[in-house]
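Have a look at the structure below, then the notes.
In listed order, ligands and their atoms are each counted from 1. These numbers were taken from a predicted model, which means no experiment stands behind them. We're numbering straight along the sequence, starting at 1.
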Amino acid sequence: MKFPKEVRAYCPYCNAHKKHKVKVASKGSARTLAIGNRAHQRSLMGHGGKRAGEKTVKKQGKRQKLMLECTECKKKTEKVVGSRTVKKIELKG
Ligand SMILES: [Zn+2]
């Protein structure tokens, strides 16, 4: 999937359509010592049965996420493009 490097998109801070710079959003890694993560790890221990958070079916693709930066107010907004795809998003132009 290809996507232009600059788009005119709605900026909620300027409340208007402005020029935005496009970057591929990268997800940060989860903090392993966060309390929710530790509680989840504890719940995965045990003797079989149905365990919440363990997936039996893996989805084929992921939804591609972009970060748009407004060129006027420099604020960033997320944009999810299309539906699930196996191909990674490419910036062109
Ligand atoms: Zn703006």
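Protein N/O/S atoms nearer than 2.8 Å to the Zn ion (ligand 1) total 4.
His20 contributes atom NE2, which lies 11.0 Å from atom CD of Glu6 (distance to the nearest 0.5 angstrom). Here CD of Gln64 is found 10.5 Å from OG of Ser83. Values are rounded to the nearest 0.5 Å. Rounded to the nearest 0.5 Å, atoms NZ (Lys87) and CE (Met1) are 9.5 Å apart.
Ion pair Lys65/Glu78 flagged as a salt bridge, since at least one NZ, NE, NH1 or NH2 atom sits closer than 4.0 Å to an Asp/Glu carboxylate oxygen.
Within a 6.0 Å sphere centred on CD1 of Ile35, heavy atoms belonging to other residues, nucleotides or ligands number 12 at most.
Taking Tyr13 as the reference, nothing meets the side-chain hydrogen bond (donor to acceptor under 3.5 Å, both in side chains) condition, with sequence neighbours excluded.
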